[in-house]
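So that the names make sense, note that chain A is the first sequence line, chain B the second, and so on, each numbered from 1. Note: hydrogens, waters and symmetry copies are ignored here, and every other heavy atom, side chains too, is used. Bear in mind the structure is a predicted one, so any value in this text is a computation, not a measurement.
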2 protein chains.
Amino acid sequence: MTQAPLDTEPDDSGPPTCFSCPNRERTEWCVLTEAETKFLVGRKKSRRYLPGETIYRQGDPCNGIYCVESDMVGIRRNDPDGNSILLGIAYEGTILGYRSYLADEEHRCSAEALKACTLCFIDAATLRQLLQGNPDLGLQFLKRTARALGQAEDKFFQSVTLTIRTRFAHLLLVMKDRYGQEHDDGGLVMELPLSRQDLASMIGVRPESMSRLIRRFEDEGIAFFSGRRVHVPRLHILMDEIQSADLA
Amino acid sequence: MTQAPLDTEPDDSGPPTCFSCPNRERTEWCVLTEAETKFLVGRKKSRRYLPGETIYRQGDPCNGIYCVESDMVGIRRNDPDGNSILLGIAYEGTILGYRSYLADEEHRCSAEALKACTLCFIDAATLRQLLQGNPDLGLQFLKRTARALGQAEDKFFQSVTLTIRTRFAHLLLVMKDRYGQEHDDGGLVMELPLSRQDLASMIGVRPESMSRLIRRFEDEGIAFFSGRRVHVPRLHILMDEIQSADLA
DNA sequence: AAAGGCAATTGATCAGGATCAATTTCGGCG
DNA sequence: CGCCGAAATTGATCCTGATCAATTGCCTTT
């Protein structure tokens, strides 16, 4: 492991100031005044994580929140029987662990780096001060949380009403927004950031089922998979898969 | 129908003032000052609904929120294919439709009176003023929304990892908290507020499956059903059903 | 009391995924 | 280059819950 030095670099690497952070406008922090931002900068801790490294673990007390500075983090949920599902992926500019903090509960999910990435940690006390000082920040979180709630209800609804086939089509279309390269001929190419296992655990099926599902998509000419690269020859065919069932 | 006069009584019936509302301390409104509460009282509209009557419908614009004054309201979600699931039940003292308002979206669920009940409507403009005037109100909603998000994620997770049998046991134990009458001998009796159909749609299965599930519980001596009355002879046997899989 | 309608139950069958087991493929490494 | 171990695929079978169809039970209506 030549990259060992990255391992536990303890504190402030990365942009030492949020002012230079390119994600700032997209985060909830955008409503902070300059003074408040300065306060935040002084209190946050930035740190780098290796791929696969755990950021926090389900059941841990929530001591603060994290802000993804670069790359991506997986939000995962496990149970004692060894079931594991990937609830979502957080990209740069999104805040992590806010649910547990706001609900005043332990973490209900684990967060783990999907590739090497950098996160800022903001401790609970700091966040509390910011929330009390600037009500708009709370309203930002409110909107974010309410949206997430809508999506979570969607997922539940879809999990009991749709087949895995439809849910997979859904997933691919969501992935398209971030990874898709649309071709002029109605085709689409993307390089997914996930293993088959992880793809499977995003829609809540076993890896074997995911394999067969992929096989069926290929046999029917809907999409072709080679490693993590996906080729969708005619996008509208994939869209047809979710026809009447769409409620996104 | 001797109760016809209840039908569309348009406005302020019920406690004309939130001050006398017995639920007040349990709602998010508890952080309002007296002046703010007075403002709220002047703006809210109270109205009675008949059993089965729709309060708002999925897809409607969200013009404000509702506060359940008495009895219960079902939160339901439908799709174009005729699937319908009951996402939850809201009791007196809980606020409805806040998600859509906060996320600034249309309603994603319908709300319908499960029995005759009374609700107050608070229009969006009023709510906005209150939120801006009193940051604590936002924080109240924040906590509520964050908790709901945790529960929604739970439901999703459970829907893909647990069998309907376990999920039904879960549901019964949740129902117990509100409707259960625990006997000294470790037994439990409750009178559920739901039809079989609705029970089924709470865990996302067909009514036939619910019937068979109930049959199995009876055959195994776990619980006995007669109409809407449920008798659980030994509570711990029901609890055993959710053994390792519990994460509530 | 009879009739109608809807909810609930039951039966028979089907299909979608899970599970278990066996290969195969692939990426890293000596 | 060939080896190793993990990931991915494939096959065979099982089991859960859906589906379709028929019957029963209950509650309302007359």
Inset, instruction - Taking the side chain as every heavy atom from C-beta outward, state whether A/R229 and A/E191 have any atom pair closer than 4.5 Å. - result: yes
Inset, instruction - Quickly work out the A/L199 CG to D/dA7 P distance and round it to whole Å. - result: 14 Å
Inset, instruction - In whole angstrom, give the distance that lies between atom CZ of B/R196 and atom P of D/dG25. - result: 15 Å
Inset, instruction - Indicate yes or no for a side-chain donor-acceptor contact from A/R99 to the backbone of A/T145 under 3.5 Å, with no hydrogens or angles considered. - result: no
Legend entry - Residues A/R234, A/D240: salt bridge by 4.0 Å N-O rule: no
Within the sub-3.5 Å range, which N or O atoms of nucleotides 15-17 of chain D have a protein N or O partner, and how far apart are they?
| residue | atom | partner | partner atom | Å |
| --- | --- | --- | --- | --- |
| D/dG17 | OP1 | B/I164 | N | 2.8 |

Inset, instruction - Please state how far atom CG in B/N83 lies from atom P in D/dA18, giving the value in whole angstrom units. - result: 10 Å
Inset, instruction - Specify the separation, in whole Å, of atom CZ of A/R229 and atom P of C/dC26. - result: 15 Å
Inset, instruction - Report yes or no: is there a donor-acceptor pair, N or O only, under 3.5 Å between the side chain of A/R212 and the base of D/dG11? - result: yes
Inset, instruction - Send over the distance from A/M210 CE to D/dT10 C1', rounded to a whole Å. - result: 16 Å
Inset, instruction - Return yes if the base of D/dC20 and the side-chain atoms of B/E208 contain a donor-acceptor N/O pair under 3.5 Å, otherwise no. - result: yes
Legend entry - Length of the line joining A/R228:CZ and C/dG27:C1', which is rounded to integer Å: 12 Å
Legend entry - Value in whole Å for how far the C1' atom of D/dT24 lies from CZ of B/R215: 13 Å
